[in-house]
Number of protein chains: 2
Amino acid sequence: MAEHISKQFDLELETIRTRVLQMGGLVEQQIRSAIDALMAGDIARFDKVIAEDAMVNAMEVGIDDDCQHIIARRQPAASDLRMVITVVKTITDLERIGDEASKIARMGKTIYQAERYQVPRFREVYKMAEVALAMLRRALDAFARLDAKAALELAEEDERLDEDFSSELRQLITFMMEDPRTISMSIDTLFISKAIERIGDHAKNISEYVVYLVKGKDIRHTSIEEKKREALDD
Amino acid sequence: MAEHISKQFDLELETIRTRVLQMGGLVEQQIRSAIDALMAGDIARFDKVIAEDAMVNAMEVGIDDDCQHIIARRQPAASDLRMVITVVKTITDLERIGDEASKIARMGKTIYQAERYQVPRFREVYKMAEVALAMLRRALDAFARLDAKAALELAEEDERLDEDFSSELRQLITFMMEDPRTISMSIDTLFISKAIERIGDHAKNISEYVVYLVKGKDIRHTSIEEKKREALDD
């Protein structure tokens with residue numbers, strides 16, 4: 001009987017872990033679609049990304065619900081409890097990433113539907129998006145394989161993304177000063193870049209929860225130096 | 001013995017609830033200080049807000065830790081479990097609010113330390129901050145008094161804040177087009193307003209967790225119409 005319950009419990013843990021990865025895959029696709037739509041001016045694809053938000057939100061609520069049932073019914077302790085709490089936190093960040101993808105789609109739609117003569121410049125945005133997508137995949141992979149080392153890499157990638165954003169900001173300010181007619185579109189582009197920067201931030205958060213999951217140590221709010229020491233300390 | 005354990009448990013729940021409110025009071029102060037520093041150009045006060053971030057982060061980690069101990073040791077069920085999970089989620093939003101206050105302080109410092117001839121225009125920022133602060137107080141009050149009705153009000157306030165932001169954005173774009181020398185400072189001001197808008201967003205999130213806590217129903221991702229129906233349904 002105890003063995004049966006234990007197998008049932010393992011299955012439940014495995015199920016929520018799988019669902020987290022499915023949710024992660026879905027928001028990855030949303031970001032991919034939003035960026036492709038941006039490069040092509042594809043309004044229908046923007047709308048598709050926006051519509052998918054409801055599905056992402058439903059997944060969050062569903063997995064969250066399952067986590068609470070597991071806690072109430074199975075009374076997990078130690079690393080199993082950490083797993084469940086990690087899932088609760090991870091799905092919140094994934095849902096916020098989905099929100100950012102929807103915002104990118106909404107802003108992209110605004111840019112293409114406004115009647116302007118300028119051609120949008122999205123090369124920097126595209127490059128930043130590739131970095132953020134790679135970060136998200138790395139974070140989900142770290143969750144799947146319980147890899148505590150990813151957090152250090154992602155902290156460094158996140159800094160790089162912040163620098164890319166600052167650099168693009170300076171560029172856009174220069175353009176705007178040279179041609180004030182580009183101001184409105186430049187600001188829209190800036191907000192899209194900010195959304196991408198925040199996606200990277202959320203990916204970094206997820207990798208930090210994995211460290212907590214694996215080591216029982218909370219490394220959120222630590223510097224890259226401290227993360228390096230933590231990663232070497234195995 | 002059972003009564004002793006039960007009283008001990010009640011005390012632990014009461015303690016984490018109190019600590020959430022303390023953490024909330026701290027980030028409220030941070031926002032207040034950042035905005036006052038902005039109106040006065042008070043660099044020292046900006047630095048104080050930035051330094052307080054470490055305290056806010058430490059509180060999050062500490063309360064989070066206590067929550068996991070409570071779950072592991074007391075095995076709460078039903079409404080007690082919902083309380084603990086609500087605390088875990090609320091402190092994440094409070095910590096993010098603290099982050100936004102730090103960002104406002106950092107950006108304020110940048111604005112005042114750059115050598116510019118223009119006087120910053122922070123009147124709109126100040127008005128938005130007053131709204132966001134009121135929203136945060138309302139959310140913390142809702143948490144303290146288990147008031148499920150606050151979520152509807154805060155959803156409406158949040159929309160108002162988003163409109164304030166859009167309106168300020170249009171204003172700044174006009175200024176920038178009239179005088180491109182103001183572009184850099186206008187962008188900094190815009191980012192400060194965005195940080196304030198996100199504070200309101202987090203306050204709204206907290207009020208939604210309270211509905212879940214009180215009613216066992218997850219109303220995140222519902223429209224204002226649906227929230228109205230939920231609030232009337234008592």
Side-chain angles (χ1 to χ4, degrees), chain A residues 53-54 56-62 64-65 67-69 71-78 80-82 84-86 88-89 92-93 95-96 98-99 169-170 172-188 190-191 194 198 201 205 209 212 216-222, chain B residues 53-54 56-62 64-65 67-69 71-78 80-82 84-86 88-89 92-93 95-96 98-99 169-170 172-188 190-191 194 198 201 205 209 212 216-222:
Chain A
D53 202 38
V56 172
N57 295 341
M59 285 187 84
E60 188 205 7
V61 171
D64 194 275
D65 223 44
C67 286
Q68 300 213 31
H69 281 137
I71 293 176
R73 239 178 325 120
R74 303 296 182 199
Q75 294 153 2
D80 287 339
L81 176 59
R82 287 205 299 274
V84 180
I85 298 287
T86 296
V88 170
K89 292 177 180 176
T92 301
D93 280 84
E95 190 271 328
R96 302 278 155 89
D99 269 355
L169 172 58
R170 284 191 297 271
L172 284 172
I173 288 179
T174 309
F175 293 149
M176 288 191 272
M177 293 184 83
E178 287 170 1
D179 185 358
R181 289 168 303 180
T182 62
I183 287 175
S184 206
M185 186 168 69
S186 295
I187 302 249
D188 288 333
L190 205 63
F191 283 142
K194 204 83 184 78
R198 276 202 295 274
D201 223 40
N205 290 346
Y209 304 149
Y212 173 73
K217 262 178 107 169
D218 199 319
I219 65 156
R220 291 174 295 162
H221 318 309
T222 58
Chain B
D53 202 38
V56 173
N57 295 341
M59 286 187 83
E60 187 204 8
V61 172
D64 194 274
D65 222 45
C67 285
Q68 301 214 29
H69 281 135
I71 293 175
R73 238 178 326 119
R74 303 295 182 199
Q75 293 153 5
D80 287 339
L81 175 59
R82 285 204 301 274
V84 179
I85 298 287
T86 296
V88 170
K89 292 177 180 176
T92 301
D93 279 84
E95 189 272 328
R96 302 279 154 89
D99 270 352
L169 172 58
R170 283 190 298 270
L172 284 171
I173 289 179
T174 309
F175 292 148
M176 289 191 271
M177 292 183 85
E178 287 171 3
D179 185 358
R181 289 168 305 180
T182 61
I183 287 174
S184 207
M185 185 167 71
S186 294
I187 303 250
D188 289 333
L190 204 63
F191 283 143
K194 204 80 185 81
R198 276 201 296 272
D201 223 40
N205 290 344
Y209 304 149
Y212 173 73
K217 262 178 105 169
D218 200 321
I219 66 158
R220 292 173 295 161
H221 318 308
T222 58

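So you know, we letter chains A, B, ... as the sequences are listed, proteins then strands, and number each from 1.
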Asks: Under a 4.5 Å heavy-atom cut-off, does chain B meet the side chain of A:R198, its backbone, both or neither?
Replies: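 Just the side chain, heavy atoms under 4.5 Å.
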
Asks: Which bit of B:D80 is near chain A, if near means a heavy-atom gap under 4.5 Å: side chain, backbone, both or neither?
Replies: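 Answer is neither: B:D80 stays 4.5 Å or more from chain A.
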
Asks: With salt bridge (Lys or Arg N to Asp or Glu O under 4.0 Å) as the criterion, how do B:D64 and A:K89 come out once you've worked through the C-alpha distance, each side chain's angles and the decisive distance to 0.1 Å?
Replies: CA-CA 11 Å; B:D64 194 274; A:K89 292 177 180 176; 2.9 Å; yes

Asks: Which atom pair, heavy atoms only, marks the closest approach of A:N205 to B:R96?
Replies: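 Scanning both residues completely, I find the closest heavy atoms to be ND2-NH2, 3.3 Å.
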
Asks: Check each atom of B:E178 against the heavy atoms of chain A and say whether the ones under 4.5 Å are side chain, backbone, both or neither.
Replies: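 Nothing of B:E178, per the 4.5 Å heavy-atom cut-off to chain A.
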
Asks: Which atoms of B:L172 are under 4.5 Å from chain A, going by heavy atoms: the side chain, the backbone, both sets, or neither?
Replies: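 Contact with chain A is absent: no heavy atom of B:L172 under 4.5 Å.
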
Asks: Listed by chain and number, what are the side chain to side chain contact (heavy atoms under 4.5 Å, CB included) partners of B:M185, not counting sequence neighbours?
Replies: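 B:M185 satisfies side chain to side chain contact (heavy atoms under 4.5 Å, CB included) with B:I111, B:R116, B:Q118, B:P120, B:T189 once adjacent residues are dropped.
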
Asks: Can you find a heavy atom in the side chain of A:T92 that is under 4.5 Å from one in the side chain of B:T92?
Replies: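 No, side chains not in contact.
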
Asks: Please give me the minimum heavy-atom distance between B:I85 and A:Q68, naming the atom from each residue.
Replies: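 Where B:I85 meets A:Q68 most closely, the heavy atoms are CG2-NE2, 3.5 Å.
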
Asks: Using a 4.5 Å cut-off on heavy atoms from C-beta on, say whether the side chain of A:V61 contacts that of B:Y212.
Replies: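 Result no, sub-4.5 Å side-chain heavy-atom pair not found.
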
Asks: CE of A:M177 to CZ of B:R181: how many Å apart, nearest 0.5 Å?
Replies: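 So the CE of A:M177 and the CZ of B:R181 are separated by 8.5 Å.
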
Asks: As an exercise, state the distance from CD1 of A:I71 to CD1 of B:I71, rounded to the nearest 0.5 Å.
Replies: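 Here the rounded value is 4.5 Å.
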
Asks: Check whether A:D93 gets within reach of chain B through its side chain, its backbone, both or neither, counting any heavy atom under 4.5 Å.
Replies: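 For A:D93, the contact with chain B is made by the side chain alone.
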
Asks: When rounded to the nearest 0.5 angstrom, what distance separates CD1 in B:I187 from CZ in A:R170?
Replies: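 So the CD1 of B:I187 and the CZ of A:R170 are separated by 13.0 Å.
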
